[in-house]
Amino acid sequence: MPDHLTAVAQLAASFASRFSAADFGQAAGLLHDLGKFSTEFQRRLEGASVRVDHSTAGAQEAVRKYGRAVGTVLAYVAAGHHSGLPDYGSLADGSSLAARLARQELPDYSAYRAADLPFPTSEQLRLRLSLLKEQREFGVHFFIRMLYSCLVDADFLDTERVLSPNSAVQRGGYPTLLELRGKLATYMSTKYADAPDTPINRERAAILRACRDKADEPPGLFTLTVPTGGGKTLSSLTFALDHAVRYGLERIIYVIPFTSIIEQNAAIFRQALGDDAVLEHHSNFRYPDEADDDWNEDLSRLRLSTENWDVPIIVTTNVQFFESLFSNRSSQCRKLHNLAHSVIILDEAQMLPTNLLKPCLAALWELVVNYGATVVLCTATQPALRGLLPAELRPREIAPDPTRLFTVFRRVTVERLGALEDSAVASELARHRQVLCIVNTRTHARELYNLIRGEEGAVHLSARMCPRHRAEVLTGVRQALRECAPCRVVATQLIEAGVDVDFPVVLRAAAGLDSVAQAAGRCNREGRLKSGQVYLFEPVGHPLRGWFQRTAAVAGMVLRSVDDPLAPQAIESYFEQLYGIEGEGLDRDGIMRSIAEEGARLHFPFATVGQRFRLIENDLMPIVIPWDDKARELLQAAHFAPSYRLLRQLQPYVVQVYPHEFSDLKRIGAVRMEGGIIPVLTDTTLYSKEVGLQPATGSDGAEELLIY
């Protein structure tokens with residue numbers, strides 16, 4: 001037992017040293033398992049069937065040794081190292097920290113004193129944080145999360161060393177960021193060696209030079225505002241690697257809203273840096289284990305690294321990143337200490353969740369100011385965050401003169417058509433040989449498609465189609481565009497989420513200006529035309545609701561006062577007005593308020609915040625579509641041995657629906673539960689090759705479900 005505590009303490013101290021808290025890590029590591037010194041726990045180790053609370057002892061001892069303030073900080077960490085960070089709560093809740101600190105009947109663990117463990121002194125335990133007045137309590141709460149991460153990762157790793165030595169020896173051994181910088185430089189010089197000397201390529205080269213130059217600036221908060229086609233993916237990676245090497249930062253984390261963009265960017269990074277340096281971590285991607293045919297040691301090592309992000313390059317989702325920052329669970333928090341001294345690039349930064357914007361920005365502020373991270377907000381449509389950030393944290397722009405860049409890279413003309421009936425939209429689509437129409441709801445997309453399905457090249461695209469189905473449709477769309485064949489696509493806004501298509505004409509139903517800009521990015525994308533044409537229209541008979549209605553209304557106000565809806569000034573005005581209207585809605589669930597309310601007394605609601613902080617609805621239900629032979633093969637395996645591993649492998653065949661629709665489909669016998677855990681569509685007449693899953697009741701009446 002002393003050996004485990006000492007080993008965990010040393011590891012936790014090394015992790016916490018990144019943010020000047022090694023002594024806290026040492027103390028947490030020594031405290032966490034003190035309860036295992038009890039006779040009762042030793043009997044359990046010998047095989048006795050008894051439950052022993054071994055984590056409360058460390059929490060109580062922390063307060064005895066270090067007093068109420070520092071002791072409570074350590075008590076949260078020790079008490080939650082298995083069950084998750086608790087709410088401070090009240091004595092009435094037996095799982096709360098308050099109740100556990102007051103618990104009288106604990107097994108006697110005093111035998112730990114004979115081990116002479118090297119506890120730090122009270123004088124050594126001093127919080128070294130820059131605490132912003134507006135979020136002092138948040139800063140302390142965030143420190144507890146980071147310290148908790150150090151402890152639980154150290155505990156997992158030392159346990160793995162003893163119980164799973166084969167896994168332990170697979171960890172590490174990744175290329176250094178210095179080596180990766182050299183690989184990227186070689187890749188970039190090869191990639192652009194034969195690039196023609198055009199005005200656009202000269203501008204891309206200027207953006208790349210600016211990224212290299214700005215990499216020498218000290219760590220902090222940056223923006224990279226680059227229009228579509230400016231090469232921001234590889235330019236931002238260049239900045240990140242140069243900056244990390246210059247300042248001794250340890251890893252680069254790309255945070256991206258949509259899995260479709262992640263898959264694209266991860267593929268680019270692997271091509272440039274090699275397969276063994278890039279960790280792809282999101283719900284649609286699973287690394288193989290030893291039971292899989294494609295298992296190898298490099299992939300097995302990356303699979304282990306999804307647990308704690310100990311790899312040089314991580315590509316992940318907004319959901320994985322931000323929900324981990326506010327979770328109370330050890331499995332999600334384990335990776336957090338590896339955010340310290342890293343470069344964090346938020347791609348498509350305009351997609352930061354508006355209803356959680358204030359807590360997200362507070363977390364980013366902490367990472368920059370107290371944990372040595374550099375954060376880059378990377379997008380073509382930069383959100384107006386200056387008024388929401390403290391005066392001490394002003395972002396520095398990397399790109400050279402973004403306003404001029406938007407003029408140089410401008411490839412479309414925008415025209416407003418006013419209110420249009422569906423019949424008029426269908427006529428407009430029939431008038432163009434190659435055209436994309438983006439609408440806001442699945443029902444609208446289906447109805448418009450039905451109006452034009454007789455036209456040559458008519459295509460429907462929405463999340464009612466499983467990802468593998470959508471990928472096949474998009475392959476056909478891209479081929480038609482290359483061959484100048486008729487191609488008339490009606491899609492929901494999912495096509496704006498990093499889907500690389502290039503239409504000469506795009507129609508966009510009323511939406512927020514960020515969505516309009518994303519739609520414009522699908523028009524004349526490669527600059528083959530002198531100018532592409534984007535038409536904005538207000539759909540008649542398809543009213544928007546909630547968030548979609550508010551963003552469209554704000555866009556309408558801005559459009560009445562600007563000539564160019566894609567100009568940086570228009571985008572800035574749009575976000576300023578949107579955030580002003582949202583007000584308290586920027587922290588809809590009261591995350592910041594709940595942390596501040598009793599934070600001065602260190603009474604934090606960790607478990608409650610973990611439950612509340614959700615970027616997407618949790619009540620969406622997956623349905624597996626037996627789309628092709630691969631899906632049917634996996635479902636056949638699931639019939640004999642259903643498992644959550646197989647469900648993950650079936651992700652490319654999943655359509656997400658709301659619970660009421662799932663219930664309707666089950667009620668009519670259209671869905672069965674394979675092995676009790678895998679929902680499968682059995683009535684394949686409800687799944688159309690043209691429009692995907694059709695609603696059981698005739699209309700789903702919902703906006704598109706964009707899965708982050």
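What you are looking at is a predicted structure, and each value in this text was computed from that prediction instead of being measured.
- Between Phe239 and Phe222, the distance from one ring center to the other falls under 6.0 angstrom.
- The pair Glu323-Arg329 does not meet the salt-bridge criterion, since no charged nitrogen lies less than 4.0 angstrom from a carboxylate oxygen.
- Inspection of the Thr56 and Arg100 side chains reveals an N or O donor paired with an N or O acceptor under 3.5 Å.
- Using a 4.0 Å cut-off between charged nitrogen and carboxylate oxygen, Arg334 and Asp153 count as a salt-bridge pair.
- Judged purely by distance below 3.5 Å, without hydrogens or angles, the side chains of Arg145 and Asn328 never pair a donor atom with an acceptor atom.
- Shown here is Arg396, whose CZ atom has more than 12 heavy atoms of other residues, nucleotides or ligands within 6.0 Å.
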Notebook entry, point to check: For Glu250 and Arg18, what are the C-alpha separation, side-chain angles and deciding distance, and is it a side-chain contact (heavy atoms from CB on, under 4.5 Å)?
Noted result: CA-CA 10 Å; Glu250 297 178 30; Arg18 294 191 186 103; 2.9 Å; yes

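- Ion pairing between a basic and an acidic side chain is recognised when a charged N comes within 4.0 Å of a carboxylate O; Arg588 and Glu582 show no such pairing.
- No hydrogens or angles considered: a donor-acceptor pair under 3.5 Å links the side chains of Asp87 and Thr608.
- Using a 3.5 Å distance cut-off with no hydrogens or angles, the side chains of Thr225 and Glu397 do pair a donor with an acceptor.
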Check: Can you list the steps and then say if Glu307 with Arg171 is a salt bridge (Lys or Arg N to Asp or Glu O under 4.0 Å)?
Finding: CA-CA 11 Å; Glu307 298 169 352; Arg171 291 188 180 274; 2.5 Å; yes

Next item on the list: List the steps, then state whether side-chain contact (heavy atoms from CB on, under 4.5 Å) holds for Val8 with Thr159.
Entry: CA-CA 9 Å; Val8 171; Thr159 301; over 6 Å; no

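- Between the side chains of His82 and Asp155, no donor-acceptor pair of N or O atoms lies under 3.5 Å.
- A distance of 7.5 Å separates CG of Leu224 from OG of Ser235, quoted to the nearest 0.5 Å.
- Remark: Lys65 is positioned above the aromatic ring of Phe119, its terminal NZ or CZ atom under 6.0 angstrom from the ring centre and at most 45 degrees off the axis.
- Looking at Glu217, its side chain never comes within 3.5 Å of a backbone N or O of Lys214 through a donor-acceptor pair.
- Using cut-offs of 30° and 60° for the angle between ring planes, the Phe326 and Phe138 rings count as tilted.
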Note to self: Show, in sequence, the C-alpha distance, side-chain angles and deciding distance for Arg614 and Asp589, and conclude whether the salt bridge (Lys or Arg N to Asp or Glu O under 4.0 Å) test is met.
What the structure shows: CA-CA 10 Å; Arg614 291 289 182 270; Asp589 297 314; over 6 Å; no

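- Here Tyr148 and Tyr76 keep their ring centres 6.0 angstrom or further from each other.
- Ile314 is not listed as a side-chain neighbour of Ile252, based on a closest heavy-atom distance of 4.5 Å or more.
- Nearest heavy atoms, Trp365 versus Pro390: NE1-CG, 2.9 Å.
- Between Ser110 atom OG and Leu34 atom CG the span is 11.0 Å, to the nearest 0.5 Å.
- Within the 3.5 Å criterion, the main-chain N or O of Ala240 finds no donor-acceptor partner in the side chain of Arg181.
- Thr374 places a side-chain N or O within donor-acceptor distance of the main-chain N or O of Gly220, the cut-off being under 3.5 Å.
- When atom types are taken as modelled, the side chain of Ser96 and the backbone of Asp93 share a donor-acceptor pair closer than 3.5 angstrom.
- Between the side chains of Thr379 and Gln382, no donor-acceptor pair of N or O atoms lies under 3.5 Å.
- Between Tyr254 and Phe269, the angle of the ring planes lies from 30° to 60°, which puts this pair in the tilted group.
- The closest side-chain donor-acceptor pair between Asp216 and His243, if any, does not fall under 3.5 angstrom.
- Below 30°, between 30° and 60°, or above 60°: for Tyr112 and Tyr109 the angle between ring planes is below 30°, a parallel geometry.
- Taken to the nearest 0.5 Å, the OG1 atom of Thr223 stands 7.0 Å off from the CG atom of Leu377.
- Judged by distance alone, the side chain of Ser342 and the main-chain N or O of Leu339 form a donor-acceptor pair under 3.5 Å.
- With Gln10 contributing its side chain and Leu5 its backbone, the two residues share no donor-acceptor pair below 3.5 Å.
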Margin query: Set out, in order, the CA-CA distance, both residues' side-chain angles and the distance that settles ring-ring contact (aromatic ring centres under 6.0 Å, His included) for Tyr247 and His341, then state yes or no.
Written below: CA-CA 9 Å; Tyr247 289 99; His341 287 267; over 10 Å; no

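- No hydrogens or angles considered: nothing links the side chains of Glu137 and Gln135 as a donor-acceptor pair under 3.5 Å.
- When only modelled atom types and interatomic distance are considered, Ser149 and Lys335 share no side-chain donor-acceptor pair under 3.5 Å.
- A distance of 6.0 Å or more separates the ring centres of His54 and His32.
- Checked by atom type and distance alone, the side chain of Thr6 never pairs as donor or acceptor with a backbone atom of Asp3 at under 3.5 Å.
- Residues Phe604 and Tyr88 place their aromatic rings such that the two centres sit no closer than 6.0 Å.
- To the nearest 0.5 Å, atom CG of residue Leu129 and atom OG of residue Ser20 are 9.0 Å apart.
- Judged by distance alone, with hydrogens and angles left aside, the side-chain atoms of Arg394 form a donor-acceptor pair with the main-chain N or O of Arg386 at under 3.5 Å.
- In terms of modelled atom types and a separation under 3.5 Å, the side chain of Arg212 and the main chain of Thr238 share no donor-acceptor contact.
- With hydrogens and angles ignored, the 3.5 Å screen pairs no side-chain donor or acceptor of Glu597 with any backbone N or O of Ser594.
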